[in-house]
Trainee: 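The structure follows.
Bear in mind the structure is a predicted one, so any value in this text is a computation, not a measurement. Basis for what follows: all heavy atoms, side chains included, without hydrogens, waters or symmetry-related copies.
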Amino acid sequence: MKILYLLLIIFVLYSCNSTFLKPQEEVSDLDYTKYYIHLDYTPGGGTQFSCEDILYSIEKSSAKDMLCIRGIVNPDSIRSIASCLEKNKLLVYLDLRYASYSRSDGTKLWGSFFQNKTNLKAIYFPYNVGEIYYNVFKNCSNLEILIIPASLNAMRPHMFGNCTKLTTVLYYGTKIGFKGGDTPGQSWSGIPLEQMTLYLANLERSKVPDSDMNPNPKSGYGTWPKWAGYKWKEIKFKGEFDEKSITR
């Protein structure tokens with residue numbers, strides 16, 4: 001019966017040109033209120049994006065403000081999203097958690113697709129993004145929420161510069177040594193100190209050494225209260241917050 005129900009839902013969504021398909025082992029996590037655009041798992045991925053598909057997927061989402069993508073996305077597909085949102089003056093949550101990011105040069109560097117745009121309320125990065133480059137979300141004045149994967153290994157200057165509404169950063173990794181730019185905190189330029197809360201989804205407070213909780217006044221980073229060179233309003237560890245209330 002469950003299998004029949006799943007097949008029926010997939011058929012309905014597929015017929016609407018927006019499919020919500022997940023690996024069989026992830027079926028228990030399905031959220032049928034979200035309409036996913038499903039891209040092919042091929043190196044080119046994403047080239048078949050159309051604004052029509054994007055608008056349809058947003059319209060059919062539960063709150064009419066989520067764009068959910070699965071499959072491989074590349075710079076061309078991300079640019080098509082940014083262009084469509086700007087053209088149609090839409091403000092959305094962009095959910096790429098179940099997408100992987102591919103570039104022709106083989107790097108996982110996220111480029112300046114949304115710089116100076118005001119169309120994002122939240123960005124859930126693909127699970128394999130490695131580096132967020134210089135200025136890439138600078139002046140995204142409506143951005144409130146970041147969902148950062150454990151794969152992140154480099155943060156560049158001003159990448160979230162002047163994102164003055166940013167209050168929530170959910171980080172799935174455990175790397176503590178981010179400087180937050182070429183100098184401590186440079187990634188967050190223009191954001192007032194103690195405005196943002198850092199949520200650590202995979203780190204329990206009881207397992208954190210005391211040394212990781214006592215900020216070093218000389219370095220300005222290297223502990224959780226000053227992770228990535230920013231003075232956080234609050235740090236919430238695994239079990240201290242409702243992850244679904246942040247990620248919707």
Side-chain angles (χ1 to χ4, degrees), residues 22-31 33-34 62 66 68-70 93-101 108 110 120-132 137 143-156 159-160 163 165-181 183-188 191-248:
K22 299 185 70 175
Q24 194 67 31
E25 65 272 16
E26 298 179 19
V27 165
S28 62
D29 294 329
L30 285 173
D31 180 349
T33 66
K34 294 182 180 179
S62 56
M66 289 201 75
C68 306
I69 312 290
R70 274 185 49 81
Y93 289 73
L94 178 57
D95 184 354
L96 301 170
R97 287 173 292 171
Y98 302 112
S100 59
Y101 184 56
K108 299 299 180 183
W110 184 277
L120 292 183
K121 191 169 185 178
I123 172 74
Y124 306 175
F125 285 101
Y127 68 85
N128 64 340
V129 163
E131 178 178 346
I132 304 171
F137 289 93
L143 188 62
E144 298 178 8
I145 300 171
L146 299 176
I147 311 296
I148 300 177
S151 59
L152 185 71
N153 55 43
M155 301 171 73
R156 298 303 180 187
M159 62 185 196
F160 298 110
C163 293
K165 289 187 179 179
L166 195 55
T167 60
T168 301
V169 177
L170 174 59
Y171 175 48
Y172 282 100
T174 58
K175 301 172 187 174
I176 198 172
F178 285 110
K179 185 184 290 186
T183 59
Q186 197 178 17
S187 299
W188 317 99
I191 302 175
L193 297 180
E194 298 186 272
Q195 173 175 293
M196 299 187 293
T197 296
L198 177 63
Y199 297 86
L200 300 169
N202 292 316
L203 193 63
E204 297 177 22
R205 186 182 293 270
S206 62
K207 297 181 180 179
V208 175
D210 290 341
S211 59
D212 289 354
M213 293 300 293
N214 297 312
N216 184 328
K218 292 183 179 180
S219 69
Y221 68 98
T223 59
W224 293 115
K226 285 194 173 180
W227 184 74
Y230 180 81
K231 187 178 181 182
W232 298 90
K233 176 182 179 180
E234 195 173 5
I235 309 293
K236 296 279 191 178
F237 291 87
K238 181 178 179 180
E240 298 177 357
F241 63 94
D242 179 8
E243 184 179 334
K244 288 186 177 181
S245 69
I246 298 174
T247 59
R248 298 182 62 181

Trainee: To the nearest 0.5 Å, what is the distance between CE (Met155) and CD1 (Ile132)?
Mentor: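 Spacing of CE (Met155) from CD1 (Ile132) equals 6.5 Å.
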Trainee: List the steps and the verdict of side-chain contact (heavy atoms from CB on, under 4.5 Å) for Leu146 and Met196.
Mentor: CA-CA 10 Å; Leu146 299 176; Met196 299 187 293; 5.9 Å; no
Trainee: Locate the shortest heavy-atom distance separating Tyr127 from Ser100; write the atom from each residue and the value.
Mentor: OH-CB, 3.5 Å
Trainee: Can Trp188 and Leu166 be said to form a side-chain contact (heavy atoms from CB on, under 4.5 Å), step by step?
Mentor: CA-CA 10 Å; Trp188 317 99; Leu166 195 55; 4.1 Å; yes
Trainee: Mind checking side chain to side chain contact (heavy atoms under 4.5 Å, CB included) for Pro192 and listing every partner two or more places apart, or none if nothing turns up?
Mentor: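 Per chain and number, Pro192 pairs via side chain to side chain contact (heavy atoms under 4.5 Å, CB included) with Gln195.
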Trainee: Rounded to the nearest 0.5 Å, what's the gap from CD on Glu144 to NZ on Lys121? Could you check?
Mentor: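 Nearest 0.5 Å value for the CD-NZ distance: 4.5 Å.
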Trainee: Under 3.5 Å, side chain of Ser187 to main-chain N/O of Gly181, donor-acceptor pair present?
Mentor: yes
Trainee: What side-chain donor-acceptor pairs closer than 3.5 Å can you find for residues 204-212, not counting sequence neighbours?
Mentor:
{"residue": "Arg205", "atom": "NE", "partner": "Glu240", "partner atom": "OE2", "Å": "2.7"}
{"residue": "Arg205", "atom": "NH2", "partner": "Ile235", "partner atom": "O", "Å": "3.2"}
{"residue": "Arg205", "atom": "NH2", "partner": "Glu240", "partner atom": "OE1", "Å": "3.0"}

Trainee: Output all residues satisfying ring-ring contact (aromatic ring centres under 6.0 Å, His included) with Tyr101, sequence neighbours left out; order by chain, then residue number.
Mentor: Trp110
Trainee: Might you point out which heavy atoms bring Ala99 and Ile69 nearest each other, and give the distance in Å?
Mentor: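 Scanning both residues completely, I find the closest heavy atoms to be CB-O, 3.8 Å.
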Trainee: Rounded at 0.5 Å granularity, tell me how far CG in Leu143 sits from OG1 in Thr168.
Mentor: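 Reported to 0.5 Å precision, the distance equals 10.0 Å.
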Trainee: Looking at Leu198, is its backbone amide N or carbonyl O close enough to the side chain of Trp224 to form a donor-acceptor pair, meaning the two atoms are under 3.5 Å apart?
Mentor: no
Trainee: So do the side chains of Asp95 and Arg248 get within less than 4.5 Å of each other, counting heavy atoms only?
Mentor: no
Trainee: Nearest 0.5 Å please: distance from the CG atom of Leu94 over to the CD1 atom of Ile147.
Mentor: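 Spacing of CG (Leu94) from CD1 (Ile147) equals 11.5 Å.
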Trainee: Tabulate below the donor-acceptor pairs under 3.5 Å that side-chain atoms of residues 169-179 make, not counting sequence neighbours, or state none.
Mentor:
{"residue": "Tyr171", "atom": "OH", "partner": "Lys175", "partner atom": "N", "Å": "3.3"}
{"residue": "Tyr172", "atom": "OH", "partner": "Glu243", "partner atom": "OE2", "Å": "2.5"}
{"residue": "Lys175", "atom": "NZ", "partner": "Leu152", "partner atom": "O", "Å": "3.0"}

Trainee: May I ask you to decide if the ring planes of Trp232 and Trp227 are parallel, tilted or perpendicular, using 30° and 60° as cut-offs?
Mentor: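 The rings of Trp232 and Trp227 sit tilted, inter-plane angle from 30° to 60°.
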Trainee: When you measure from the side chain of Tyr230 to the backbone N and O of Ile191, does any donor-acceptor pair fall under 3.5 Å?
Mentor: no
Trainee: Which heavy-atom pair separates Ile246 from Tyr124 by the least distance, and what is that distance?
Mentor: O-OH, 3.6 Å
Trainee: With rounding to the nearest 0.5 angstrom, report the CZ to CG distance, Arg70 to Leu96.
Mentor: 12.0 Å
Trainee: Considering residues at least two apart in sequence or located in another chain, which fulfil the side chain to side chain contact (heavy atoms under 4.5 Å, CB included) criterion with Ser151?
Mentor: Pro149
Trainee: Test of understanding: with salt bridge (Lys or Arg N to Asp or Glu O under 4.0 Å), list the residues that count as partners of Glu194, not counting sequence neighbours.
Mentor: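 Partners of Glu194 under the salt bridge (Lys or Arg N to Asp or Glu O under 4.0 Å) test: Lys231.
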Trainee: Under the side chain to side chain contact (heavy atoms under 4.5 Å, CB included) test, which residues partner Thr197, sequence neighbours left out?
Mentor: Tyr199, Lys233, Glu234, Lys236
